[in-house]
Amino acid sequence: MANPFEHNRLTLTFPDQLGQLVISDLLDIPDDISTVALLYCQGACLVKSKSEADRVLSFSLPDDIDPAYFTAYLLGETLPANQGKIIKAYLDQIRPFLNRLGYTLTSPSDSTQKATAKAQHRFSKTLVDTPFYVDYNGAKAEIYWVKRQELVIKKGASLKQETPLNKDGSVGFSQKFALTLRQEHADAIGSDFKTTADIQLKSVNEVGHLLFFAGTNAWLILKDKTGKTLDSHTIAN
């Protein structure tokens, strides 16, 4: 492997197609920043503006992580909940490398990383007995939202069979999360990808991942018998 440190620049290529990190001074920012996530640091601490920084971290990320969301997540800004989970899973994998370099990647002004949905939804007891249906991208299911953090996919649901892949043929973090959910509930999923028992999940996001590998807003996919979405039933004004 070529020398990773040259011309005031340290290049670290993560294993398992996890991307690359370049640490450099402020005069060495990449020409094309549209495909990388830039984070400014003062020493090992994140700062929110270039004027406070003495170095820049440039992340080349896997295909299913939006660089803008990655930066927003680490700076404590709000973003879609499914992206937050994907980014957290990614950080968990690269954090051992970052720790060796002395980077904890927490903002000095907000050490609590937030990942909440832009649209806020409220659980309503009036919907407990209302079935919602999925008929999307190879998945079909009947679902009930029975508690604030409990949704039930009824027995007999059909799961999307093919795992979506990145352009390079690798499995993305969103798909890995979905496969992990399926593994956790493997006893209730038959070889034909149909559920043999009810499955309880904690969020609409998890429902979308388990049924059809996410990739779209599940709040708009779950619909009642009239075609009205779960989003329109529960979104907070």
Side-chain angles (χ1 to χ4, degrees), residues 12-24 26 29-30 32-121 149 164 166-167 170-181 201-209 213-220 236:
L12 176 64
T13 301
F14 301 119
D16 302 323
Q17 299 179 319
L18 294 175
Q20 187 178 78
L21 166 64
V22 176
I23 304 171
S24 60
L26 297 177
I29 294 176
D32 183 6
I33 63 172
S34 62
T35 59
V36 297
L38 294 183
L39 293 169
Y40 294 108
C41 288
Q42 184 179 70
C45 276
L46 282 179
V47 292
K48 293 192 175 184
S49 68
K50 184 178 178 180
S51 62
E52 302 174 79
D54 59 15
R55 67 195 66 181
V56 62
L57 277 59
S58 306
F59 285 86
S60 297
L61 302 166
D63 289 343
D64 56 345
I65 298 180
D66 187 311
Y69 283 155
F70 183 77
T71 302
Y73 179 85
L74 288 168
L75 292 179
E77 299 173 10
T78 59
L79 65 154
N82 64 322
Q83 279 289 320
K85 288 192 174 185
I86 295 169
I87 293 168
K88 183 181 183 301
Y90 174 69
L91 285 170
D92 286 344
Q93 295 201 54
I94 67 169
R95 201 174 296 283
F97 303 98
L98 299 176
N99 288 343
R100 289 294 183 96
L101 295 172
Y103 291 99
T104 56
L105 291 191
T106 55
S107 170
S109 61
D110 186 358
S111 59
T112 303
Q113 295 166 344
K114 297 176 286 186
T116 57
K118 290 181 179 179
Q120 299 297 317
H121 298 88
Q149 292 185 318
N166 292 331
K167 294 177 182 178
S170 63
V171 178
F173 282 94
S174 182
Q175 288 71 44
K176 288 179 181 178
F177 176 65
L179 292 171
T180 298
L181 278 178
L201 296 173
K202 296 179 181 179
S203 68
V204 175
N205 178 54
E206 287 191 356
V207 169
H209 275 84
F213 292 97
T216 192
N217 187 346
W219 291 92
L220 301 178

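In what follows, residues are counted from 1 in the order of the sequence shown. If you're wondering where the values come from, they're calculated on a predicted model, not measured in any experiment. Side chains included, hydrogens not; waters and symmetry mates left out as well; all remaining heavy atoms used.
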Side-chain heavy atoms of [X] within contact of [Y], under 4.5 Å:
X    : Y   : answer
L101 : L12 : yes
L38  : T71 : no
S24  : V56 : yes
F70  : L74 : yes
L98  : L21 : yes

Among all residues two or more places apart in sequence or in another chain, which pass the side-chain contact (heavy atoms from CB on, under 4.5 Å) test with [X]?
X    : answer
N99  : R95
K88  : Y73, D92
T216 : Y136, F212, I221

Sequence-distant partners of [X], side-chain hydrogen bond (donor to acceptor under 3.5 Å, both in side chains), two or more places apart:
X    : result
Q20  : T13
Y40  : none
N205 : H209

Is the F14 ring parallel, tilted or perpendicular to the F59 ring (thresholds 30°, 60°)?
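Parallel: the ring planes of F14 and F59 meet at under 30°.
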
If every non-hydrogen atom of P67 is compared with every non-hydrogen atom of A37, which pair is closest and at what distance?
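Shortest heavy-atom contact: O-CB, 3.7 Å.
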
